[in-house]
J.: 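Pasting in a structure now, in structure tokens, and then I'll have a few things to ask.
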Amino acid sequence: MRFLGPKINTYHMASMARSGETLVLKVMAAHSKIVVIHNLESTDSKQDLRTFRFFKSYKKTVIRASHRAVSRYGLKENQVLLLKQGVWEHRYPFNGFVLVRNPVSIYSSLKAYDRNDPKYDPEENFWFKNEERLSRWLKDMSPSLLRGFDKLAPVQQFALFYNYRMNHLASLGLPIIRYEDLVTDPENTFAAICRSMNLPFEKEMLHAHEDYGTDVKGHGDNLLSRPVDSTSLIKYKQNVSLEEFAECSDLTESTQKKFGYVCDDGQIKY
């Protein structure tokens, strides 16, 4: 009989783009039992992309280490796979956790994401690539929401996508991990993620940034050498007007409350 190797559990980090996924993947990848599939490095290998595409339609929550989709990782017994599910929607039950962030900060991060593009203008032309991104993601998740999408203002497009994506994730009954807790209480929050994956917490995870050179960037233009810190919690104040804040808060109010957020009068509480 051919040896099939151990069964490997697969876990998803389900989230929305610009919610801190690269930070979480970097720290989790430092765990001795976790193998991150893709979207940690700035550029994925062709093999990683093929493995990612395979898992997008994979129906099971375990896979043999010898399976052609993962055999190159040399997986050992008791190791697990962690897959980022940020801009697509898995059609089958999965194990894992939901990473959330308050909507104003996500909108702020998306608004500034293309700032290095020559066409970028913080007042008049900051959303030109995001409309294409959100349209592409919605086409995969819920095509009917695209009707009239191009006629909406940027914050309205964002809120439509945020409400759909996060309401769906809230309905799954998976453990909820807030980005704000990650950066203010990393040890306890990453320990909670480990528990959701049936793994012990390893303190070495909190030093994951030391494994990278000072100029090494990961997915989403994030510096991998940067330690976990809370300075990102107030960045929205530099990038989001009070009018945008109010509209974003109003349009996402019922959704954000499901995750314990209250965005009011220019302040974010959780």
J.: Name all residues meeting the salt bridge (Lys or Arg N to Asp or Glu O under 4.0 Å) criterion together with E204; count only those two or more places apart in sequence or in a different chain, and write none if there are none.
T.: none
J.: Tell me, with the steps shown, if F55 and L81 meet side-chain contact (heavy atoms from CB on, under 4.5 Å).
T.: CA-CA 11 Å; F55 275 110; L81 293 173; 3.7 Å; yes
J.: Considering the options S232, S105, S19, S15, which one meets the side chain to side chain donor-acceptor pair (under 3.5 Å) requirement together with Y179?
T.: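 Testing Y179 for a side chain to side chain donor-acceptor pair (under 3.5 Å) against S232, S105, S19, S15 leaves exactly one candidate, S232.
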J.: Would you please name every residue forming a side chain to side chain donor-acceptor pair (under 3.5 Å) with S225, sequence neighbours left out?
T.: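 For S225, no residue satisfies side chain to side chain donor-acceptor pair (under 3.5 Å) once neighbours in sequence are set aside.
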J.: Measuring from F54:CZ to R68:CZ, what's the distance to the nearest 0.5 Å?
T.: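 It comes to 6.0 Å.
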J.: Any side-chain heavy atom of M16 within less than 4.5 Å of one from R101?
T.: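 A side-chain contact under 4.5 Å is absent here.
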J.: Measure across P103 and Y162 and return the closest heavy-atom pair with its distance rounded to 0.1 Å.
T.: CD-OH, 3.5 Å
J.: Looking at every non-hydrogen atom in both residues, tell me the closest pair between L75 and P6 and how far apart they are.
T.: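 Answer, listing the atom of L75 first, then P6: O-CG, 4.4 Å.
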J.: Within a strict 4.5 Å, meaning less than it, do heavy atoms of the L25 and L82 side chains meet?
T.: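 With C-beta onward as the side chain, the pair touches.
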J.: What residue among H38, H219, H12 forms ring-ring contact (aromatic ring centres under 6.0 Å, His included) with F52?
T.: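 Going through the options one by one, the only one that passes is H38.
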J.: Would you please say whether a donor-acceptor pair under 3.5 Å links the side chains of Q79 and Y73?
T.: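 Distance-only check fails for Q79 and Y73.
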J.: First locate atom CG of D48, then atom CZ of R53, and finally report the distance between them rounded to the nearest 0.5 Å.
T.: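 If I round to the nearest 0.5 Å, the distance is 10.5 Å.
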J.: Find out if a path of hydrophobic residues (ILVMFWY) with successive side-chain heavy-atom gaps under 4.5 Å connects Y113 to L138.
T.: no
J.: At what distance, to the nearest 0.5 angstrom, does CD of Q85 lie from CD1 of I37?
T.: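 It comes to 14.0 Å.
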J.: Return yes if some donor-acceptor pair links the side-chain N/O of D121 with the main-chain N/O of E124 below 3.5 Å, else return no.
T.: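 Yes, the answer is positive, given that a donor and an acceptor are paired below the 3.5 Å cut-off.
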J.: For residues T51 and V70, report the shortest heavy-atom separation together with the two atoms involved.
T.: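 Closest approach of T51 to V70: CG2-CG1, 4.3 Å.
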J.: For atom CD of E210, decide whether the heavy atoms of other residues, nucleotides or ligands shown that lie under 6.0 angstrom number more than 12.
T.: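 Yes, CD of E210 has more than 12 neighbouring heavy atoms, counting only those of other groups under 6.0 Å.
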J.: Verify the cluster assignment for V240 and Y270: are they in a single hydrophobic cluster under the rule of side-chain heavy atoms below 4.5 Å apart?
T.: yes
J.: With sequence neighbours left out, what residues match K60 under side chain to side chain donor-acceptor pair (under 3.5 Å)?
T.: none
J.: List for me each residue that meets salt bridge (Lys or Arg N to Asp or Glu O under 4.0 Å) alongside K203, sequence neighbours excluded, and say none if there are none.
T.: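 Counting only residues at least two positions away or on another chain, K203 forms a salt bridge (Lys or Arg N to Asp or Glu O under 4.0 Å) with E187.
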J.: For the residue pair A30 and A208, what are the closest heavy atoms and their distance?
T.: CB-CB, 3.8 Å
J.: Using modelled atom types and a 3.5 Å cut-off, is there a donor and acceptor pairing between side-chain atoms of S196 and backbone atoms of I193?
T.: yes
J.: Using the six-membered ring wherever Trp is involved, compare the ring planes of W137 and F161 and label them parallel, tilted or perpendicular (cut-offs 30° and 60°).
T.: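 Rings of W137 and F161: tilted, 30 to 60°.
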J.: Measure the spacing between CG of D114 and CG of N116 and express it to the nearest 0.5 Å.
T.: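 Separation between the atoms: 9.0 Å.
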J.: Looking only at atom types and distance, does a side-chain atom of K76 sit under 3.5 Å from a main-chain N or O of G74, one as donor and one as acceptor?
T.: yes
J.: Taking C-beta and beyond as the side chain, do F94 and L172 meet within less than 4.5 Å on heavy atoms?
T.: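 Counting from C-beta outward, F94 and L172 do come under 4.5 Å.
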J.: Indicate yes or no: at least one non-hydrogen side-chain atom of E247 is less than 4.5 angstrom from one of D250.
T.: no
J.: Rounded at 0.5 Å granularity, tell me how far NZ in K217 sits from CZ in R226.
T.: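 The NZ atom of K217 sits 12.0 Å away from the CZ atom of R226.
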J.: Would K84 and N39 satisfy side chain to side chain donor-acceptor pair (under 3.5 Å), going step by step from the backbone distance to the final call?
T.: CA-CA 7 Å; K84 172 185 167 183; N39 268 188; 3.2 Å; yes
J.: Calculate, to the nearest 0.5 Å, the distance between atoms NZ and CD belonging to K151 and Q157 respectively.
T.: 11.0 Å
J.: Could you tell me whether the side chain of R18 and the main chain of I106 form a donor-acceptor pair under 3.5 Å?
T.: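 Absent.
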J.: Are the side chains of L224 and T22 in touch, meaning some heavy atoms are under 4.5 Å apart?
T.: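 Of all side-chain heavy-atom pairs linking T22 with L224, at least one is under 4.5 Å.
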J.: Crowded around K56 NZ? As in, over 12 foreign heavy atoms under 6.0 Å?
T.: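 Correct, the count exceeds 12.
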J.: Around atom CZ of R91, are there more than 12 heavy atoms from other residues, nucleotides or ligands closer than 6.0 Å?
T.: yes
J.: Do F201 and L206 have side-chain heavy atoms sitting under 4.5 Å apart?
T.: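 When only atoms from C-beta onward are counted, L206 and F201 do touch, with a gap below 4.5 Å.
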J.: Looking at C263, is its backbone amide N or carbonyl O close enough to the side chain of Q256 to form a donor-acceptor pair, meaning the two atoms are under 3.5 Å apart?
T.: yes
J.: Is L152 reachable from M141 through a run of hydrophobic residues whose side-chain heavy atoms are each under 4.5 Å from the next?
T.: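 In one cluster with M141: L152, yes.
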J.: Taking the side chain as every heavy atom from C-beta outward, state whether T252 and Y261 have any atom pair closer than 4.5 Å.
T.: no
J.: Does the side chain of E244 reach to within under 4.5 Å of the side chain of F158, using non-hydrogen atoms?
T.: no
J.: Which pair of heavy atoms, one from S57 and one from Y92, lies closest together, and at what distance?
T.: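 Looking at all heavy atoms of both residues, the closest pair is O-CE1, 3.8 Å.
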J.: Over 60° means perpendicular and under 30° means parallel, so tell me whether H67 and Y58 are parallel, tilted or perpendicular.
T.: perpendicular
J.: Dump the intermediate steps for side-chain contact (heavy atoms from CB on, under 4.5 Å) on V100 and I176, then the final yes or no.
T.: CA-CA 7 Å; V100 303; I176 302 297; 3.9 Å; yes
J.: Honestly curious: do Y120 and L134 fall in one hydrophobic cluster under the side-chain, below-4.5 Å linking rule?
T.: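 Yes; tracing contacts between hydrophobic side chains, which count when under 4.5 Å, links both residues.
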J.: Quick one: does any side-chain atom of E180 pair with a main-chain N or O of L233 as donor and acceptor, under 3.5 Å?
T.: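 A pair under 3.5 Å: no.
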J.: According to the interplanar angle, ranging from 0 to 90°, do the rings of W127 and Y107 count as parallel (below 30°), tilted (30 to 60°) or perpendicular (above 60°)?
T.: tilted
J.: Quick one: does any side-chain atom of H209 pair with a main-chain N or O of K26 as donor and acceptor, under 3.5 Å?
T.: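 Not at all, since once roles are kept as given, no pair shorter than 3.5 Å links the two residues.
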J.: Hydrophobic clusters here meaning ILVMFWY residues chained together by side-chain heavy-atom distances under 4.5 Å, can you tell me if V36 and L49 are in one?
T.: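 Result: no, two separate clusters.
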J.: Would you sort out whether M197 and M28 count as a side-chain contact (heavy atoms from CB on, under 4.5 Å), showing the intermediate values?
T.: CA-CA 11 Å; M197 299 172 66; M28 299 307 290; 3.9 Å; yes
J.: Hey, mind stepping through Y11 and N95 against side-chain contact (heavy atoms from CB on, under 4.5 Å) and telling me if it holds?
T.: CA-CA 5 Å; Y11 293 91; N95 296 322; 3.7 Å; yes
J.: Of all residues at least two apart in sequence or in a different chain, which pass the salt bridge (Lys or Arg N to Asp or Glu O under 4.0 Å) check with D264?
T.: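 Counting only residues at least two positions away or on another chain, D264 forms no salt bridge (Lys or Arg N to Asp or Glu O under 4.0 Å).
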J.: I'd like to know if the side chain of N125 reaches the main chain of K119, judged simply by a donor and an acceptor atom lying under 3.5 Å from each other, with no hydrogens or angles considered.
T.: yes
J.: Under the side-chain hydrogen bond (donor to acceptor under 3.5 Å, both in side chains) definition, can you give me all pairs with a residue in residues 166-178, not counting sequence neighbours?
T.: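 Listed by first then second residue: N167-T255, N167-K258, R178-D181.
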J.: Minimum heavy-atom separation for E131 to S135, with atom names?
T.: O-OG, 2.7 Å
J.: So does L23 get a backbone contact from the side chain of N222, meaning a donor-acceptor N/O pair under 3.5 Å?
T.: no
